2 protein chains.
Amino acid sequence: MNKEKIEKPENKCELQKILDIIGGKWSMSIIYALIPEKRRFKELERIIPGISTRMLVKELKNMEENGIVTRTAFATVPPTVEYNLTAKGKKLDPIINDLYQWGLEYIN
Amino acid sequence: MNKEKIEKPENKCELQKILDIIGGKWSMSIIYALIPEKRRFKELERIIPGISTRMLVKELKNMEENGIVTRTAFATVPPTVEYNLTAKGKKLDPIINDLYQWGLEYIN
DNA sequence: CGGTATCCTGCAGGATACTG
DNA sequence: CAGTATCCTGCAGGATACCG
């Protein structure tokens, strides 16, 4: 029937909306993998240790809907699909890098 | 019986270890609330909209174990407990602020 | 290659009542 | 005030098989 998103009138605070976008178990790893260059689907699956096909698809879809990445499909055989960071997504680069550095300094 | 943490020999990548610490639904909100000054328990509960007692306790405990916040109890009646950011926690300030700003700029 | 489609499970997180 | 102690539920995330 109605497959539209249910607009809950919650006013989640900003930080929680952000976590909806990049708080998933794999989102940051995916962004991190896309920082140096655009990647193909299987490439991401290989680069990111432990991720499942299902989750990679889900997170990529979510991030695409949220304007973090772009998906470009080429009608080749076999199919080729490239994922890339948008400008919006690239703005997250330094932040994720800072987080990463913080982790290196303080974890373990 | 054995209540010690089970040390899984997984080598989670850094970003995921970081999410274990500050990826919870409320962690960042708590840190954010502690940035300006130390806070008492009930104060945090009041300031952070929607959080439950149980979750506030859990996240605070987790963050204490991870050296993000300190807990100071005073033997008053009724009890007084103050939570404060550690140096390690304070290093997250600018990062969370950047994230917050990113959210302001790009969400909605 | 780049995905769907299913089935399944644990645990994050909520609600509520009680305590020193 | 600052928490415990329980009970409960949804859904994030995993595993596996199949498709164009």
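What's counted below: heavy atoms across the whole structure, side chains too, no hydrogens, waters or symmetry copies. Every value quoted in this text rests on a predicted model; they were computed, and no experiment measured them.
- Interatomic distance, A:C13 SG to B:M28 CE, rounded to the nearest 0.5 Å: 11.0 Å.
- For the pair A:L19 CG and C:dA12 C1', the interatomic distance rounds to 13 Å; values are reported in whole Å.
- Checking C:dG13, C:dT4, C:dG2 against the side-chain heavy atoms of A:V57 singles out C:dT4 as nearest.
- Within the 4.5 Å cutoff, side-chain heavy atoms of A:I21 are placed close to those of B:I107.
- Heavy-atom distances to DNA chain C give each of B:P79 and A:P79 a nearest nucleotide, and the one nearer the 5′ end belongs to A:P79.
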Under 3.5 Å, which donor-acceptor pairs do the side chains of residues 31-40 of chain A form with other protein atoms, sequence neighbours left out?
residue: A:R39; atom: NE; partner: A:A33; partner atom: O; Å: 2.9
residue: A:R39; atom: NH1; partner: A:E43; partner atom: OE2; Å: 3.2

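- Rounded to a whole Å, the CD atom of B:Q16 is 16 Å from the C1' atom of C:dA12.
- Rounded to whole Å, the distance from CD on B:E59 to P on C:dC11 is 16 Å.
- When the C1' atom of D:dC11 is taken as reference, atom NZ of A:K25 falls 14 Å away, rounded to whole Å.
- Atom NZ of A:K12 and atom P of C:dG13 are 11 Å apart (whole Å).
- Toward the 5' end of DNA chain D, the nearer of the two residues A:G24 and A:T53, judged by each one's closest nucleotide, is A:G24.
- Backbone-only engagement by A:T80 is indicated by non-hydrogen atom pairs under 4.0 Å involving sugar-phosphate atoms exclusively.
- A:M63 and A:S27 get closest at one heavy-atom pair: CE-O, 3.8 Å.
- Taking atom CZ on A:R39 and atom C1' on C:dG2, their separation rounds to 17 Å, with Å as the unit.
- Residue B:V81 has its side chain nearest to D:dG3 when only D:dG14, C:dG3, D:dG3 are considered.
- Looking at heavy-atom distances under 4.0 Å, A:F74 makes no contact with the nucleic acid at all.
- Distances from the side chain of B:R71 to the nucleotides D:dG3, C:dG3, C:dG14 place D:dG3 closest.
- Separating the CG atom of B:L60 from the C1' atom of D:dT4 is a distance of 15 Å, rounded to the nearest angstrom.
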Could you go through residues 95-102 of chain B and list every donor-acceptor pair under 3.5 Å that involves a side-chain atom there, pairing it with any protein atom two or more places apart or in another chain?
residue: B:W102; atom: NE1; partner: A:K88; partner atom: O; Å: 3.1

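- Per the geometry, CZ belonging to A:R54 stands 14 Å off C1' belonging to D:dA17, to the nearest Å.
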